[in-house]
Undergrad: 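Input: one structure, supplied below.
In what follows, every chain begins at residue 1, and chains take the letters A, B, ... in the order their sequences are listed. Quick note: numbers below take in every heavy atom, side chains included, and nothing from hydrogens, waters or symmetry partners.
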2 protein chains.
Amino acid sequence: MIAPGFTGGLLDRSDALRHDAEAFAAAASDFRAKLLKLDGYDPEIDAEGRLAWTSIAERADDAELVLLGLENGRPHFAAYTPGMGPPRGRPQRLFAMLDHLAPGEAATYAAARSVLDWHARHQFCANCGTQTALFRAGWGRTCPNCHAEHFPRVDPVVIMIAEHDGRALLGRQPAFPPGRYSALAGFLEPGESIEEAVAREIMEEAGVRVTNVRYVASQPWPFPSSLMIACVGQAEDDAITLDTNELEDAIWVSRDDVRKVLANEPGPFLPPPPYAIANTLLTEWAAD
Amino acid sequence: MIAPGFTGGLLDRSDALRHDAEAFAAAASDFRAKLLKLDGYDPEIDAEGRLAWTSIAERADDAELVLLGLENGRPHFAAYTPGMGPPRGRPQRLFAMLDHLAPGEAATYAAARSVLDWHARHQFCANCGTQTALFRAGWGRTCPNCHAEHFPRVDPVVIMIAEHDGRALLGRQPAFPPGRYSALAGFLEPGESIEEAVAREIMEEAGVRVTNVRYVASQPWPFPSSLMIACVGQAEDDAITLDTNELEDAIWVSRDDVRKVLANEPGPFLPPPPYAIANTLLTEWAAD
């Protein structure tokens with residue numbers, strides 16, 4: 001059973017509540033209802049890696065509630081505060097926390113962060129420019145002028161290794177921590193399948209042609225709201241032509257090398273962190 | 001080799017050209033450059049199911065060019081005309097055409113349609129409400145006020161069958177043509193994986209719990225801009241609890257039934273059309 005980071009959430013999203021104003025109002029005034037505690041967009045976590053919650057009675061006067069879901073019938077909310085700007089950068093403090101979040105908790109946090117960030121960046125109607133209002137329990141915004149309805153974006157990203165003669169192709173972006181190599185990745189575009197996006201991205205970034213693309217696993221990635229789709233493709237040969245605008249370096253690594261670095265033993269590179277699906281992808285590939 | 005509808009495009013998207021103003025200007029004044037002929041948002045096709053093209057010299061004075069890609073170095077464009085509203089409904093004429101489009105041609109059309117439709121619905125900055133301008137060869141819009149960059153949406157949709165005791169679960173939406181049943185489907189949300197979205201949607205729409213979700217194939221779906229992700233999940237039992245807001249009916253069908261109706265023989269339902277990935281999914285499942 002593959003369990004990538006940011007998966008395994010335990011809340012029932014309860015789509016029905018989003019469409020039922022009366023039921024939503026009851027949930028929002030339920031004395032048991034919980035509000036996710038956030039410091040800006042960062043979670044607060046306890047020693048066991050669990051998210052901190054408070055009562056929704058503690059919310060700011062102008063806060064707008066986003067229904068994260070139900071747990072045993074008990075409503076769980078996050079609060080969007082009008083004027084709250086989008087998150088800036090990815091604080092190291094948050095990334096250190098992600099290593100400690102308990103399974104399932106990171107999934108709840110990911111949903112909350114993505115939706116709040118989306119509200120912060122989507123206050124206006126893309127169709128007519130008018131200020132929009134939150135609706136559907138926080139899972140959409142609607143325009144009072146042209147009546148367009150807008151829903152949170154999820155941007156599919158393909159993330160993949162090319163495989164050749166028992167070795168995997170990894171790349172290094174300039175912004176990576178020293179020594180790290182990871183799977184190549186890029187946004188999927190309108191008018192292409194997952195398999196086509198995988199082939200296009202590996203060709204663009206490394207000049208390697210792949211066929212027989214195989215899906216491995218997926219995870220949400222809340223920076224701001226990607227769906228990471230992890231795949232393996234078969235490379236026709238191992239000659240690399242690097243796109244230096246995207247990658248600083250690309251290397252072919254053996255299964256032995258991958259097993260070693262995932263076990264924290266010295267090897268030719270440092271692997272991506274456990275909460276990133278590139279780590280899951282390499283773990284699966286090395287176990288084959 | 002699985003080849004779902006709207007895949008197999010032959011144009012090289014040439015991402016490098018989008019980032020190089022000089023090269024883009026050269027492509028846009030290349031005398032060999034071709035412009036996709038459209039009637040509104042509908043394609044014009046010849047007797048062999050190929051898309052019709054004209055010279056970019058034929059474009060309207062105010063047209064903005066979207067680079068679809070290169071074929072043997074020859075630039076292919078679509079034109080966005082400011083003021084062009086989004087498409088309305090899905091004309092039957094278009095759906096009849098889709099059956100006749102040659103492989104690869106539907107993929108080129110899908111990319112063009114999705115991007116033009118996106119421009120039509122995204123003239124304003126979601127962040128600040130200011131009118132935006134096309135950039136990156138038509139693959140983005142940028143805001144002159146807050147400098148936010150916006151990129152075409154691709155909305156991931158899971159489409160799936162639950163499997164139980166050799167039978168597959170299919171559903172019927174009220175808007176379907178008479179007799180048609182198809183795979184269940186729904187938008188993937190922020191904070192969930194493909195596998196989690198599949199399980200949630202089948203539970204919401206049919207009350208069936210699935211595990212061991214297996215990815216089968218994907219396709220772009222340009223109405224307006226979805227990525228259809230086709231999967232099969234194992235149902236724990238076959239008791240159906242229908243969400244009548246979503247589905248009119250749901251049934252369990254055997255492999256024999258599916259093979260029959262895909263071969264145009266009489267059976268208990270009419271299948272989805274060949275250009276829809278639900279058709280590919282049923283074909284794969286029936287062949288297992």
Side-chain angles (χ1 to χ4, degrees), chain A residues 2 4 6-9 12-13 15-16 19 68 86 107-115 118 120-132 139 148 150-156 187-196 200 204 212 215-220 222 225 227 229 243 245, chain B residues 1-2 4 6-9 12-13 15-16 19 68 86 107-115 118 120-132 139 148 150-156 187-196 200 204 215-220 222 225 227 229 243 245:
Chain A
I2 304 179
F6 298 110
T7 65
D12 166 7
R13 288 173 177 246
D15 182 62
H19 295 265
L68 299 177
T108 298
Y109 171 66
R113 180 179 174 115
S114 287
V115 176
W118 177 77
R121 293 180 207 261
H122 294 79
Q123 289 284 301
F124 294 86
C125 178
N127 189 52
C128 77
T130 304
Q131 185 146 17
T132 54
W139 292 85
H150 302 280
F151 299 100
R153 281 182 80 119
V154 175
D155 297 311
F187 287 101
L188 186 143
E189 297 191 344
E192 63 185 359
S193 67
I194 291 170
E195 293 74 11
E196 290 172 334
R200 177 182 55 74
E204 280 176 15
N212 293 323
Y215 169 88
V216 176
S218 65
Q219 77 167 171
S225 189
L227 171 68
I229 304 171
D243 174 0
N245 291 317
Chain B
M1 186 62 195
I2 305 179
F6 298 110
T7 66
D12 166 7
R13 290 174 176 244
D15 181 63
H19 295 266
L68 298 177
T108 298
Y109 171 66
R113 180 178 174 114
S114 285
V115 176
W118 178 77
R121 292 179 208 260
H122 294 78
Q123 289 284 301
F124 294 86
C125 178
N127 189 52
C128 77
T130 304
Q131 185 144 16
T132 54
W139 291 84
H150 302 280
F151 299 99
R153 281 182 79 119
V154 175
D155 298 310
F187 288 101
L188 185 142
E189 296 190 345
E192 62 186 359
S193 68
I194 291 170
E195 293 74 11
E196 290 172 333
R200 176 182 54 75
E204 278 176 17
Y215 170 87
V216 175
S218 65
Q219 78 167 169
S225 189
L227 170 68
I229 304 170
D243 174 359
N245 291 317

Undergrad: For the CZ atom of B:F124 and the CZ atom of A:F124, what is their distance to the nearest 0.5 Å?
TA: 12.0 Å
Undergrad: Heavy atoms only, distances under 4.5 angstrom: which of A:P4, A:A110, A:P156, A:A217 has the most pairs with chain B? Name it, please.
TA: A:P156
Undergrad: Looking at A:L227 and B:S193, what are the two nearest heavy atoms and their distance?
TA: CD1-CA, 4.3 Å
Undergrad: Checking B:E196 side chain against A:G8 main chain: does a donor-acceptor pair fall under 3.5 Å?
TA: yes
Undergrad: Please classify the contact of B:E189 with chain A as side chain, backbone, both or neither, using a heavy-atom distance under 4.5 Å.
TA: both
Undergrad: For the atom pair SG (B:C125) and NE2 (A:H122), what is the distance rounded to the nearest 0.5 Å?
TA: 8.5 Å
Undergrad: If you count heavy-atom pairs within less than 4.5 Å of chain A, which of B:W139, B:Y109, B:W118, B:F187 leads?
TA: B:W139
Undergrad: Of all of B:V115, B:L68, B:N245, B:N127, which one pairs up most often with chain A through heavy atoms under 4.5 Å apart?
TA: B:N127
Undergrad: Looking at A:G9, A:A148, A:A111, which makes the most heavy-atom pairs under 4.5 Å with chain B?
TA: A:A111
Undergrad: In chain order, what residues pass the side chain to side chain contact (heavy atoms under 4.5 Å, CB included) check against A:S114, with sequence neighbours excluded?
TA: A:P222, A:S225, B:P190
Undergrad: Using the side chain to side chain contact (heavy atoms under 4.5 Å, CB included) rule, pick out the option among A:I229, A:I194, A:L188 that qualifies with B:S218.
TA: A:I194
Undergrad: Please identify, among A:P220, A:A16, A:A126, A:G191, the residue contributing the most non-hydrogen atom pairs under 4.5 Å to chain B.
TA: A:A126
Undergrad: Does the distance from a Lys or Arg side-chain N to an Asp or Glu carboxylate O, for B:E192 and A:R13, drop under 4.0 Å?
TA: yes
Undergrad: For B:D12, which residues count as a salt bridge (Lys or Arg N to Asp or Glu O under 4.0 Å) partner, sequence neighbours excluded?
TA: none
Undergrad: Given that the side chain runs from C-beta out, which part of B:E204 has a heavy atom under 4.5 Å from chain A: side chain, backbone, both or neither?
TA: side chain
Undergrad: Could you tell me which of A:P152, A:A120, A:C128 has the largest number of non-hydrogen atom pairs under 4.5 Å with chain B?
TA: A:C128
Undergrad: Can you say whether B:A112 sits under 4.5 Å from chain A via the side chain, the backbone, both, or neither, judging by heavy atoms?
TA: neither
Undergrad: Measure distances from B:R153 to the heavy atoms of chain A and classify the residue's part below 4.5 Å as side chain, backbone, both or neither.
TA: both
